[in-house]
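I have placed the structure first, in the form of structure tokens, so that the comments after it can refer back to it.
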Amino acid sequence: MSAEEKYTPGEIEAKWQQYWADRKTFTVTEDTSRQKYYLLEMFPYPSGRIHMGHVRNYSIGDVVGRFKRMRGFNVLHPMGWDAFGMPAENAAIKNNSHPAVWTYENIAYMRGQLKQMGLSYDWDREIATCDVSYYRWEQKLFLEMYKRGLAYKKQSFVNWCPSCETVLANEQVEDGACWRCDSEVQQKELEQWFFRITAYADELLDYTAKMPGWPERVLVMQRNWIGRSTGCEIDFPLDARTDAIRVFTTRQDTLFGATFMSLAPEHPLALQLTAPDRRAEVEAFIDKVKKTDRIRRTAEDFEKEGVFTGSYCINPVTGRRMPIFLANFVLVEYGTGAVMAVPTHDQRDFEFAQKYDLPLVVVIQPEGASLDPATMTAAYTEAGTMVNSGRFDGQKSDNAKEAIADWLEQEGKGKKTVNFRLRDWGVSRQRYWGNPIPIIYCECCGAVPVPDKDLPVVLPQDVVFTGEGGSPLAKLDAFRKVPCPQCGKPARRETDTMDTFVESSWYFLRYCCPDFEEGMVDKARTDYWMSVDQYIGGIEHAVLHLLYARFFTKVLRDLGYISVDEPFINLLTQGMVIKDGAKMSKSKGNVVDPDALIKKYGADTARLFSLFAAPPEKDLDWNEQGVDGCYRFLNRVWKLVHEFLSAVQGAAVLDVAVLTDEERALRRAVHKTLRKVTEDLDERFRFNTAIAAVMELMNVLQGAKLTLPQAGAVMKEALDLLLQMLAPFVPHITEELWQRLGHTGCLADTPWPAYDAAAVADEELLIVIQVNGKLRSKLSVTIGADEEAVKTQALADDKVKVFTDGKQIRKVIYVPGKLVNIVAG
RNA sequence: GCGAGAGUGGCGGAAUUGGCAGACGCACCAGACUUAGGAUCUGGCGGGCAACCGUAGGGGUUCAACUCCCCUCUCUCGCACCA
């Protein structure tokens, strides 16, 4: 093979990347006359270099982007950097450098890596969230949210990671450990800024029913996280006091069975209600619970324990005097931190009552049975018929729920409420490398927003990284000490920065208008592009980022910035990249380096294998031999095109009217493949089967002979279509071959071809013949063959006769164009 | 425990509406070319000598079941003392 004919991915990939960049092939502008398609992949954290997860994520996105573009859409396909965050700070401490230097160097390197992959981004829209031109608008938004009470400060117990030396949001704590470094999270009382995401809890939940483009499991996770439950708040008057304990319950139908009260050990009334002679015991208990870490305390098998306070409250509907306990399983942060205990109908209360010998009253009887408190071995938690419940006796407990709630409201003893598991989003971080919270604290005026004219608060560069903990900003007097914008007296600036999830909650809006200098978003442009038609990323953000981004979208809508309710119409959560049965990690030594991969095989092979080895939402098993297979396939494509080059270039115009049977069969294969690839890309995102279909076609084309009169023309059509079909997957090799076939334009700019319906139509059909459901023979019939004739032919078939001889034909089933099933016996 | 998803050759995976199970690729085997082959090409490749048996296991519906229904097992993910 001559040097000219050898496939050299390194050369041709660089050539075409330069070509696309020079011509700004993928640069887009708003054009209301065209249908838009906003395609987005989750932007990366600039950690240093891309990993195989990125390769897969962005390969998937690029196929969609290039395909939609060929389909005629005005495709917005941007890329940027989630550039604030702690690793930059840690690296700065370690290398005695600066987070900004580290970050921008990483961005430069990773941008190069992405460009080497031939991804169809509009690089003119690139953003980095650590750039003041980006984060300045976030500060403005923060202040708008502050004005409307959507951002507020409160003293509270917060999740504290001792290793990262910062606060974590609830969403960033996994099994009691830091989501990033896995250290055990502690509780610390601090003044923190919060975003009032709970104000949108109902809408965030309701919309999960209106998002058919999202995977059900992500929606379920979000619903669980929001955790809406409907019930009642009921006041239990305290014995010998004028105040009451308020509980939240979803089971007001069991109210008549409440025999004692359980409070969280952290409940504000806990010590107040403790009788002097019980004080020592209660304090010891509270101390013990506080020392127990949260992981153990919330484990299911954790033993229920409590302590009697010595005080009583009154069941508002029965008048029963109920002892008040502190219980280790009652959580102060959920509901009111107090639980009315109904041991007969709640398993936890039942176990607690057994342990402390507390009374049991049955108020719901199951269908056809009668519970006796003396013999019960577990709580009965299902529905049933009300008993011992005064005026509600005899009602079905399901119906009584509503009736009791109404009655409590009438009597002024309680009210219907909705309770959420979702907490407000704590956004303060005691770190340097983040967006400064634009607030100034003044002795006289309190928390004062930084005035508009002083925005943005620029993150100072001249800080020292000692690694000693605490935010470097807090030690920088030049930053910290400012006069109060209101009264002019000496004041101090907020030195906490915002959680980096704040930046990723609106970056998709900024891509619509990255150069806009008048504000956060240019409404006209954003209205054109939003919402994102297809979002692609990992499942690990199912709650965190995807919930925050939905929240921000709704806030920005209500502030008038944008017009949509939801940011992402369709969500694809791609699977992980696995090797040797485990997620790639340095410690396991199973990491594949994208640079080495591209150097050895080229970007087209790397992309092709990422797409071919598994459907996108499943985990992908990385396998070097499989990569080899993809590389071989591309070499075969390369050779095939060159083999037919001269025949194709001298070919006449295709005349479908005068084709031989063999030529028609070849065209049928080509157009059937085109139909399948189009369907797989357009409707199903099934890249693996689309590629398999093209491989199959390749096998057909390789076997094709060129002795037929119109072979050149047929082959020219076949190769053109083959390259167009493959273009979204392997853009470089196809551009190169497209050019070598004599085309002058850019393949990426060609419209996606339509298959020829006439060419696809079969002339003959292969009918499967079964006897008693088992495949026995096959029959070739002309299209539209008469049913009776096919049946007769089937029955006369020699191979069929072997199985029907001597038997009675009971029935013959004919599925037109598919099969004949002969029932004999 | 609850919820969701999955279980198909040696491996990754196909089978779109109940209609040829195993497409495509990898691995493997044989052959060709070759000084050579970890290159390339050609052919084979679920099990069984066969009748037949095969989509986690068992039952059912149907002319026909990987696909629908019931039961069981296993795995993955999510939630989990949330009152």
Side-chain angles (χ1 to χ4, degrees), chain A residues 1 215-225 227-229 231-232 247-252 254 258 262 264 297-304 327-331 333-342 345-349 351-352 419-422 539 542-543 575 578 608-609 612-615 617-630 632-633 635-636 639 676 679-680 683-684 686 688-699 702-703 766-778 810-825:
Chain A
M1 185 186 284
E216 187 58 27
R217 63 182 187 135
V218 175
L219 295 173
V220 167
M221 280 192 244
Q222 294 213 346
R223 284 183 206 125
N224 285 341
W225 188 264
R228 182 184 201 267
S229 40
C232 284
V247 304
F248 171 74
T249 183
T250 57
R251 291 299 305 271
Q252 60 272 18
T254 65
S262 303
R297 194 173 154 192
T298 55
E300 192 180 10
D301 54 357
F302 193 62
E303 196 183 342
K304 287 153 194 55
N328 62 354
F329 63 86
V330 180
L331 308 170
E333 65 267 23
Y334 186 77
T336 61
V339 182
M340 68 172 202
V342 185
H345 304 295
D346 182 286
Q347 186 58 26
R348 292 156 302 172
D349 297 342
E351 288 171 33
F352 199 83
N419 201 48
F420 291 95
R421 210 183 77 116
L422 181 71
I539 187 86
V543 178
I578 302 286
L608 189 63
F609 182 75
F612 175 63
E617 63 281 0
K618 286 187 70 169
D619 284 350
L620 183 150
D621 203 348
W622 197 265
N623 169 334
E624 177 91 13
Q625 280 156 339
V627 180
D628 269 322
C630 287
R632 270 201 291 274
F633 169 71
N635 271 289
R636 283 168 56 210
K639 267 198 275 185
K676 171 152 181 65
E679 285 168 358
D680 279 353
E683 294 151 29
R684 308 203 309 156
R686 296 294 288 266
N688 55 330
T689 51
I691 293 165
V694 179
M695 287 177 168
E696 226 170 319
L697 178 64
M698 266 296 295
N699 293 338
Q702 279 191 315
L766 203 59
I767 303 282
V768 170
I769 308 176
Q770 298 178 333
V771 179
N772 293 332
K774 283 180 183 140
L775 176 70
R776 294 305 182 190
S777 185
K778 288 178 185 181
R810 295 181 190 279
K811 210 192 228 182
V812 180
I813 288 144
Y814 177 64
V815 181
K818 287 206 169 138
L819 63 67
V820 176
N821 189 11
I822 299 160
V823 187

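Quick note on labels: first sequence line is chain A, next is B, and so on, each numbered from 1.
Side-chain polar atoms of Arg636(A) and Asn699(A) form a donor-acceptor pair below 3.5 angstrom.
No contact: Gly227(A) has no heavy atom under 4.0 Å from any strand. Nucleic acid contact for Gln770(A): base, since at least one base atom lies under 4.0 Å from a heavy atom of the residue. Note on Arg686(A): only backbone sugar-phosphate atoms sit closer than 4.0 angstrom, heavy atoms only; bases stay farther off. Residue-level contact check: Glu216(A) touches neither bases nor backbone, having no heavy atom under 4.0 Å from any strand. If you check every strand for non-hydrogen atoms under 4.0 Å, Arg217(A) touches sugar and phosphate atoms only. Residue contacts for Thr336(A): at a heavy-atom cut-off of 4.0 Å it reaches no nucleic acid atom on any strand shown. Nucleic acid contact class of Val823(A) (heavy atoms, under 4.0 Å, all strands): sugar-phosphate only. No contact: Arg228(A) has no heavy atom under 4.0 Å from any strand. In this structure, Asp619(A) reaches the sugar-phosphate backbone alone: every heavy-atom distance under 4.0 Å involves primed, P, OP1 or OP2 atoms, never a base.
For Gln702(A) and U40(B), the CD to C1' distance is 11 Å, given to the nearest whole Å. Straight-line distance from the CZ atom of Phe612(A) to the P atom of G12(B): 14 Å, rounded to whole Å. Straight-line distance from the CD1 atom of Ile822(A) to the C1' atom of A64(B): 13 Å, rounded to whole Å. The CG-P distance, from Asp621(A) to U76(B), rounds to 16 Å in whole Å. Distance CD (Gln625(A)) to P (C11(B)): 15 Å, rounded to an integer number of Å. In this structure, Asp680(A) places its CG atom 17 Å from P of A23(B), rounding to the nearest Å. Rounded to whole Å, the distance from CD1 on Ile769(A) to P on G19(B) is 19 Å. For Trp225(A) and A80(B), the CH2 to C1' distance is 13 Å, given to the nearest whole Å.
Toward the 5′ end of RNA chain B lies the nearest nucleotide of Lys778(A), the other residue of the pair Lys778(A) and Phe420(A) mapping further downstream. Checking Pro615(A) against Arg632(A), the closest nucleotide of RNA chain B that is more toward the 5' end is the one next to Pro615(A).
Rounded to whole Å, the separation between the C1' atoms of A6(B) and C20(B) comes to 26 Å. Look at the C1' atom in both C28(B) and G38(B): the space between them is 15 Å, to the nearest Å. Using C1' as the reference atom, U55(B) and A14(B) are 12 Å apart when rounded to the nearest Å. Of the C1' atoms belonging to G58(B) and U42(B), the separation is 46 Å, rounded to the nearest Å. Taking atom C1' on both G43(B) and G48(B), the two are 23 Å apart, rounded to the nearest angstrom. Nucleotides G25(B) and G3(B), compared at atom C1', are 36 Å apart to the nearest Å. Going from the P atom of U61(B) to that of A23(B) covers 32 Å, rounded to whole Å. Between the P atoms of U17(B) and G59(B), the separation comes to 29 Å (whole Å).
Shown here, A39(B) forms no base pair; nothing in the strands shown gives a Watson-Crick or G-U wobble contact with both key distances under 3.5 Å. Base pairing of C77(B) is made with G3(B), judged by Watson-Crick or G-U wobble geometry with both donor-acceptor distances under 3.5 Å. When both pairing distances are held under 3.5 Å, C49(B) makes no Watson-Crick or G-U pair with any nucleotide shown. G10(B): Watson-Crick or G-U partner is C26(B), with both key distances under 3.5 Å.
In this structure, Asn821(A) contributes its side chain and Gly773(A) its backbone to a donor-acceptor pair below 3.5 Å.
With A23(B), C63(B), G78(B) as the candidates, the nucleotide lying closest to the side chain of Asn821(A) is C63(B). Side-chain atoms of Val768(A) lie closest to C20(B) of the nucleotides C24(B), C41(B), C20(B). The listed nucleotides are G3(B), C82(B), C24(B); the one nearest the side chain of Ala692(A) is C24(B). For Lys639(A), the side-chain atoms get nearest to U40(B) when compared with the rest of U40(B), A23(B), C63(B). Closest to the Asn688(A) side chain, of the nucleotides A83(B), A14(B), C41(B), is A14(B).
From Met695(A), atom CE reaches atom CG of Leu608(A) across 5.5 Å, with rounding to the nearest 0.5 Å.
Closest approach of Ala614(A) to Leu620(A), counting heavy atoms only: CB-CA, 4.3 Å. The minimum heavy-atom distance linking Lys778(A) with Leu766(A) is given by the pair CD-CD2, 3.9 Å. The minimum heavy-atom distance linking Phe329(A) with Asp349(A) is given by the pair CZ-OD1, 4.0 Å. For the pair Lys304(A) and Asn328(A), the tightest heavy-atom approach, listed with the atom from each and the gap, is CA-OD1, 3.7 Å. When all heavy atoms are compared, the tightest approach of Asn419(A) to Phe248(A) is CB-CZ, 3.3 Å. Taking all atoms of both residues into account, the shortest heavy-atom contact from Phe420(A) to Tyr334(A) is O-CE1, 3.9 Å.
No hydrogens or angles were tested; on distance alone, nothing pairs the side chain of Lys618(A) with the base of U76(B) as donor and acceptor under 3.5 Å. Between the side chain of Asn224(A) and the base of C79(B), no donor-acceptor pair of N or O atoms lies under 3.5 Å. Evaluation of atom-type donor-acceptor distances gives no pair under 3.5 Å for the side chain of Lys811(A) against the base of C63(B).
OP1 or OP2 of A15(B) lies within a sub-4.0 Å distance of a side-chain N or O belonging to Arg684(A). A sub-4.0 Å separation between OP1 or OP2 of C63(B) and a side-chain N or O of Lys818(A) is absent. An OP1 or OP2 oxygen of A83(B) is reached within less than 4.0 angstrom by a side-chain nitrogen or oxygen of Ser229(A). Of the side-chain N and O atoms in Arg348(A), one or more sit less than 4.0 angstrom from OP1 or OP2 of C82(B). OP1 or OP2 of C52(B) lies within a sub-4.0 Å distance of a side-chain N or O belonging to Arg776(A). Contact between the side-chain N/O atoms of Asn699(A) and the OP1/OP2 oxygens of G25(B) is found at a separation under 4.0 Å.
In this structure, G9(B) shows a glycosidic angle within 90 degrees of zero, which is the syn conformation.
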